[in-house]
Amino acid sequence: MDGSVVSFRAATGEDAEDVAALHAESWRRHYRGAYADSFLDGDVLADRRAVWSARLTEPAPDGVTLVAEIDSELAGFVHVVLDQDARWGSLVDNLHVYPAHHRHGIGAGLMHRAAGTVLDRGATDAMYLWVLEQNTAAQSFYTAVGGRIAERSYVEPPGDAPGRLNGRPAKLRCVWPDVRDLLSRQR
């Protein structure tokens, strides 16, 4: 990162294309094996464009998307759905950082900002996310920022299209019962 400054801000509709591109690239890199190659190598970008165009041009009142930028270029993003679950709290629906920016504090910065958003706007102080069981690097990151694995389930196919998955890939629920614990960790 050569001393570049990372800035964080709320995403806008103008960010939809860049966010979709990062999301698709991340899925291609980390979801191979769980998601069908035909989906990852085919229409995953179109699928993510549709999702992010809708989310960012007409944001839901309970949805918050934040981006991290370096020199005005997208480095990563996080999307939180406030109060998604009565027991587990707000859902970190997506967190993706370009590989060139891994291990530079961007993911942790995004998680801290997600936790701050939950603390400021959520009905509870709890937060959770789902991570693919095969994505051990992401699991290590989430536990390093204070998350703990609470349960195992199965991935729902993107767009409710079962052909986009290979078999029944598993996912793990990672939880922060009180986001203050995450916020108290070293940034």
Side-chain angles (χ1 to χ4, degrees), residues 6-16 18-20 22-23 26-27 30-31 47-69 74-97 105-133 135 137-160 169-187:
V6 179
S7 61
F8 298 90
R9 64 172 176 79
T12 69
E14 292 178 8
D15 296 309
D18 291 339
V19 167
L22 172 52
H23 198 171
S26 184
W27 275 12
H30 299 289
Y31 288 26
D47 177 78
R48 298 296 83 196
R49 269 190 196 120
V51 166
W52 289 108
S53 291
R55 279 186 180 171
L56 296 178
T57 56
E58 294 186 35
D62 62 349
V64 178
T65 306
L66 305 169
V67 297
E69 294 179 315
L74 181 72
F77 73 93
V78 65
H79 180 75
V80 179
V81 181
L82 297 167
D83 307 317
Q84 179 68 23
D85 187 276
R87 176 177 179 191
W88 303 107
S90 297
L91 169 65
V92 175
D93 187 48
N94 283 277
L95 173 71
H96 300 279
V97 176
I106 294 170
L110 288 165
M111 284 297 289
H112 280 90
R113 282 159 181 80
T117 299
V118 169
L119 197 58
D120 290 344
R121 295 183 47 197
T124 72
D125 298 336
M127 184 171 79
Y128 74 101
L129 57 79
W130 291 102
V131 60
L132 277 180
E133 187 173 57
N135 194 346
Q139 290 171 47
S140 294
F141 168 75
Y142 295 130
T143 57
V145 294
R148 69 172 176 79
I149 303 301
E151 67 180 333
R152 182 177 187 267
S153 188
Y154 293 99
V155 174
E156 299 84 20
D160 291 323
K171 62 183 179 178
L172 304 171
R173 188 189 305 261
C174 186
V175 301
W176 291 262
D178 187 335
V179 295
R180 287 179 192 85
D181 294 335
L182 189 154
L183 290 168
S184 70
R185 293 179 172 270
Q186 184 70 19
R187 292 183 191 214

Next item on the list: Please report the closest heavy-atom contact between L22 and A75, naming both atoms and the distance.
Entry: CD2-O, 4.2 Å
Checklist line | Side-chain ion pair, R152 and E133, N-O less than 4.0 Å | finding: yes
Check: Given D85 and Y128, is the side-chain contact (heavy atoms from CB on, under 4.5 Å) satisfied, shown in steps?
Finding: CA-CA 9 Å; D85 187 276; Y128 74 101; 3.7 Å; yes
Check: Just how far is it from atom CG of L119 to atom CG of D178, taken to the nearest 0.5 Å?
Finding: 7.5 Å
Check: Quick one: side-chain contact (heavy atoms from CB on, under 4.5 Å) partners of E151, sequence neighbours excluded?
Finding: W88, W130, R173
Checklist line | side-chain hydrogen bond (donor to acceptor under 3.5 Å, both in side chains) against S26, all qualifying residues, sequence neighbours excluded | finding: H96
Next item on the list: Kindly determine whether T117 and L66 satisfy side-chain contact (heavy atoms from CB on, under 4.5 Å), including the steps that lead there.
Entry: CA-CA 10 Å; T117 299; L66 305 169; 4.1 Å; yes
Checklist line | Non-neighbouring partners of Q84 that pass side-chain hydrogen bond (donor to acceptor under 3.5 Å, both in side chains), sequence neighbours left out | finding: none
Item checked: Any donor-acceptor pair under 3.5 Å from S90 side chain to G122 backbone -> no
Check: Taking all atoms of both residues into account, what is the closest heavy-atom pair of I149 and C174, and its distance?
Finding: CD1-CB, 4.0 Å
Item checked: Closest non-hydrogen atom pair, V145 against A108 -> CG1-CB, 4.4 Å
Check: Under the side-chain contact (heavy atoms from CB on, under 4.5 Å) test, which residues partner P158, sequence neighbours left out?
Finding: W27, Y35, F39, R164, L165
Notebook entry, point to check: Could you go step by step and tell me if V80 and V118 meet the side-chain contact (heavy atoms from CB on, under 4.5 Å) rule?
Noted result: CA-CA 8 Å; V80 179; V118 169; 4.0 Å; yes
Check: What pairs of residues pass the side chain to side chain donor-acceptor pair (under 3.5 Å) test when at least one of them lies in residues 137-147, not counting sequence neighbours?
Finding: none
Notebook entry, point to check: Taking only residues two or more places apart in sequence, or in another chain, which ones meet A137 in a side-chain contact (heavy atoms from CB on, under 4.5 Å)?
Noted result: N135
Checklist line | salt bridge (charged side-chain N to carboxylate O under 4.0 Å, His left out) between D120 and R113, intermediate numbers included | finding: CA-CA 10 Å; D120 290 344; R113 282 159 181 80; over 6 Å; no
Next item on the list: Determine the minimum heavy-atom distance between L132 and H30, stating which atoms define it.
Entry: CD1-O, 4.1 Å
Check: Can you check side-chain contact (heavy atoms from CB on, under 4.5 Å) on V67 and R9, steps first, answer last?
Finding: CA-CA 6 Å; V67 297; R9 64 172 176 79; 3.6 Å; yes
Notebook entry, point to check: Of all residues at least two apart in sequence or in a different chain, which pass the ring-ring contact (aromatic ring centres under 6.0 Å, His included) check with W52?
Noted result: H23, F77, H79
Check: How far apart are the closest heavy atoms of A138 and V131, and which atoms are they?
Finding: CB-CG2, 3.7 Å
Note to self: Taking T12's backbone N and O only, do any of them form a donor-acceptor pair with D15's side chain (distance below 3.5 Å, no angle check)?
What the structure shows: yes
Next item on the list: Identify, with sequence neighbours excluded, every residue that meets side-chain contact (heavy atoms from CB on, under 4.5 Å) alongside A68.
Entry: V6, F8, I106, L110
Item checked: salt bridge (charged side-chain N to carboxylate O under 4.0 Å, His left out) partners for R121, two or more places apart -> none
Check: Are the side chains of L82 and V64 in touch, meaning some heavy atoms are under 4.5 Å apart?
Finding: yes
Note to self: So does V81 get a backbone contact from the side chain of D93, meaning a donor-acceptor N/O pair under 3.5 Å?
What the structure shows: no
Check: Who are the salt bridge (charged side-chain N to carboxylate O under 4.0 Å, His left out) partners of R87, not counting sequence neighbours?
Finding: none
Notebook entry, point to check: Side-chain contact, heavy-atom cut-off 4.5 Å: M127 with V175?
Noted result: no
Next item on the list: Name all residues meeting the salt bridge (charged side-chain N to carboxylate O under 4.0 Å, His left out) criterion together with R148; count only those two or more places apart in sequence or in a different chain, and write none if there are none.
Entry: none
Mind listing the side-chain donor-acceptor pairs of residues 56-63 below 3.5 Å, one per line with the distance, residues two or more places apart or on another chain?
from: T57; atom 1: OG1; to: S53; atom 2: O; distance (Å): 2.5

Next item on the list: Would you mind reporting whether V78 and N94 have side-chain heavy atoms less than 4.5 Å apart?
Entry: no
Next item on the list: First locate atom CH2 of W176, then atom CE of M111, and finally report the distance between them rounded to the nearest 0.5 Å.
Entry: 3.5 Å
Margin query: Can you give me the closest heavy-atom contact between A126 and V179, atom names plus distance?
Written below: C-CG1, 4.4 Å
